[in-house]
Amino acid sequence: MKQFAQDFAQTVYKIGYWPSILLVLWVVFTAPIGFPANTKPLSFDDVFEKFFTRELRRPFIYRALLPWSANTLTAFTPEPVAKNISSNLHDIWQKAGFPANRSVELFYLYALNFACLVAWLFLFRHLMSLFDYSARFIDVTSFVSSCGLMFFLGRSFFYDHPAMMFFTALLILMQRQSWPAYLAILAIGTFNKETTVLIIPVFILTFYSEMPRDKFMKLLTAQIAVYGAVRVWLMWLYENNGGVVVENHFFYHFEEYQYYYWSATGYLLSAIALSGLVFYRLSQKATILQSVAKLAWIPLILYFAAGMPFEVRVFLEIYRVMMLLAADSIAYLWEQARCNLALHAPNFGNYKIIKPSN
């Protein structure tokens, strides 16, 4: 009877896991559409219109990959199909505060967005598998960190989920040392958002003392050249657009935190707790993940310098790596507690504490 119960529970788990986690991602994906007031400044009709017509102000116009892709797919969509999409989605976009006359472009924009969000989940699972984590640990960490995205509801733009996907893909390719594919994804990802530059310091910290110096310098130069070429071209292409290359919101933070001090305190305490778990036993975790953790101060500076107060989406690219490192610490502490207290609680399967050599 006990074996039957265990088999039944395992079957229910296998059947329910994927619908549950995909439902969570669907809620995360639809939040900015359902709550457009929380997606400023990219939720207004004229702003989205200018995105598609390439008239939006800088630096937002530089996040061009998905609008370009949506425009291209719309141009190749047969007229009957385009009319069908428009007639079915016109009211939805209008109620959500988006330009209803761009129904087809918006359909492709958000379809690509959701595809990137789902791809990010599978890429993250693959990244964990490279470090020999058990299947159960991967399942639990994937689900919990997906639920954690609820924290960002209504605060992400359509280029944030692709940015997470590209950053995770770059970590995988870096770990596997697949450099041609790495450079190609770096170029494409930079068209989506300029924060792909964060991956270059990760490379430096990970391989500076682990790779022959001539190879290291060639790869570093190639990355800087690829990133620089894309950025310079985008800045040249949109040099006549209004706005600035990088916004400065530093002093807004002091004003907001004084007014919303309880919220600011909650954010600070959460960050301290997460950081404690992330850096606990950090030297015994995968080298590439250590590099991301040690460089977390870079998006922190970007948050205060260029981000708006409470705009935590700035940390979305490194969010899941931080969650993985925290989960590693929690799993280790759980196993230690079980051993020390001789508890007979369910474990994490064949969970392994990864070594720095990984």
Side-chain angles (χ1 to χ4, degrees), residues 59 62-63 120 123-124 127 130-131 159-160 162-232 234-235 245-248 250 271 274-275 278-279 282-283 285-307 311-326 328 354 356-358:
Y62 297 142
R63 290 84 184 254
W120 177 55
L123 287 169
F124 179 66
L127 179 65
L130 295 179
F131 304 128
Y159 45 73
D160 288 322
M164 295 188 296
M165 179 197 71
F166 285 122
F167 190 78
T168 306
L170 287 168
L171 287 176
I172 291 171
L173 294 170
M174 184 184 294
Q175 176 67 21
R176 298 174 63 176
Q177 300 193 33
S178 301
W179 301 119
Y182 173 88
L183 292 173
I185 295 299
L186 177 62
I188 297 171
T190 304
F191 277 107
N192 176 72
K193 195 179 179 186
E194 65 277 7
T195 50
T196 48
V197 72
L198 294 172
I199 200 67
I200 299 178
V202 174
F203 168 81
I204 294 172
L205 200 59
T206 303
F207 291 102
Y208 178 76
S209 58
E210 300 294 329
M211 184 179 285
R213 189 52 52 89
D214 58 339
K215 182 178 180 180
F216 173 83
M217 292 306 301
K218 287 179 181 178
L219 286 171
L220 177 59
T221 303
Q223 291 174 71
I224 295 173
V226 166
Y227 179 84
V230 173
R231 286 291 292 159
V232 169
L234 284 172
M235 287 189 286
V245 175
V246 179
E247 292 186 325
N248 182 6
F250 181 73
L274 180 62
S275 299
V278 166
F279 286 94
L282 184 63
S283 63
K285 300 170 185 177
T287 303
I288 194 171
L289 301 181
Q290 291 182 48
S291 299
V292 176
K294 292 175 182 177
L295 294 167
W297 56 269
I298 298 178
L300 184 64
I301 291 176
L302 293 176
Y303 166 72
F304 282 105
E311 194 177 28
V312 291
R313 69 185 185 88
V314 173
F315 303 101
L316 273 170
E317 279 161 295
I318 66 169
Y319 158 75
R320 215 151 196 175
V321 173
M322 298 296 103
M323 290 293 287
L324 170 56
L325 291 169
D328 184 293
I354 52 180
S357 59
N358 287 341

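Keep in mind it's a predicted model, so treat the numbers as computed, not measured.
- Taking CD from Q223 and CH2 from W179, the interatomic distance works out to 6.5 Å, rounded to the nearest 0.5 Å.
- With sequence neighbours excluded, the residues that form a side-chain contact (heavy atoms from CB on, under 4.5 Å) with A296 are I318.
- Rounding to the nearest 0.5 Å places CZ of F216 at 9.0 Å from OG1 of T221.
- For A187, the side-chain contact (heavy atoms from CB on, under 4.5 Å) partners two or more places apart in sequence, or in a different chain, are V226, V230.
- By the side-chain contact (heavy atoms from CB on, under 4.5 Å) test, L282 pairs with F279, K285, Q290, A293, K294, L325, sequence neighbours left out.
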Begin from the C-alpha positions of V321 and F124 and carry the test side chain to side chain contact (heavy atoms under 4.5 Å, CB included) through to its verdict. CA-CA 9 Å; V321 173; F124 179 66; 5.6 Å; no
Apply side chain to side chain contact (heavy atoms under 4.5 Å, CB included) to the pair I288 and M174, showing each step before the final yes or no. CA-CA 8 Å; I288 194 171; M174 184 184 294; 3.6 Å; yes
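- Between L171 and I199, some side-chain heavy-atom pair lies under the 4.5 Å cut-off.
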Let's go through I204 and L220 carefully: what are the C-alpha distance in whole Å and the side-chain angles of both, what is the deciding distance for side chain to side chain contact (heavy atoms under 4.5 Å, CB included) to 0.1 Å, and is it a yes or a no? CA-CA 8 Å; I204 294 172; L220 177 59; 3.8 Å; yes
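- Among residue pairs with one or both ends in residues 174-193, those qualifying as salt bridge (Lys or Arg N to Asp or Glu O under 4.0 Å) are D160-K193; sequence neighbours excluded.
- Heavy-atom minimum distance, V314 versus P299: CG1-O, 3.6 Å.
- Side-chain contact check for Y182 versus L219: every heavy-atom pair is 4.5 Å or farther apart.
- Here the CG atom belonging to L173 is positioned 11.0 Å from the OG1 atom belonging to T168, to the nearest 0.5 angstrom.
- Shortest non-hydrogen contact noted between N192 and A163 is ND2-N, 3.3 Å.
- At least one side-chain heavy atom of L130 sits less than 4.5 Å from a side-chain heavy atom of I172.
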Which pairs would a plain distance check flag for residues 206-214, meaning a side-chain donor or acceptor within less than 3.5 Å of a matching protein atom at least two apart in sequence or in another chain?
| unit_1 | atom_1 | unit_2 | atom_2 | d |
| --- | --- | --- | --- | --- |
| T206 | OG1 | V202 | O | 2.7 |
| T206 | OG1 | S291 | OG | 2.7 |

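- Every side-chain contact (heavy atoms from CB on, under 4.5 Å) that T196 has, sequence neighbours left out, goes to L186, T190, Y227.
- In this structure the side chain of F166 never reaches within 4.5 angstrom of the side chain of E317, judged on heavy atoms.
- In this structure, CZ in F167 is found 11.5 Å from CH2 in W120, a value given to the nearest 0.5 Å.
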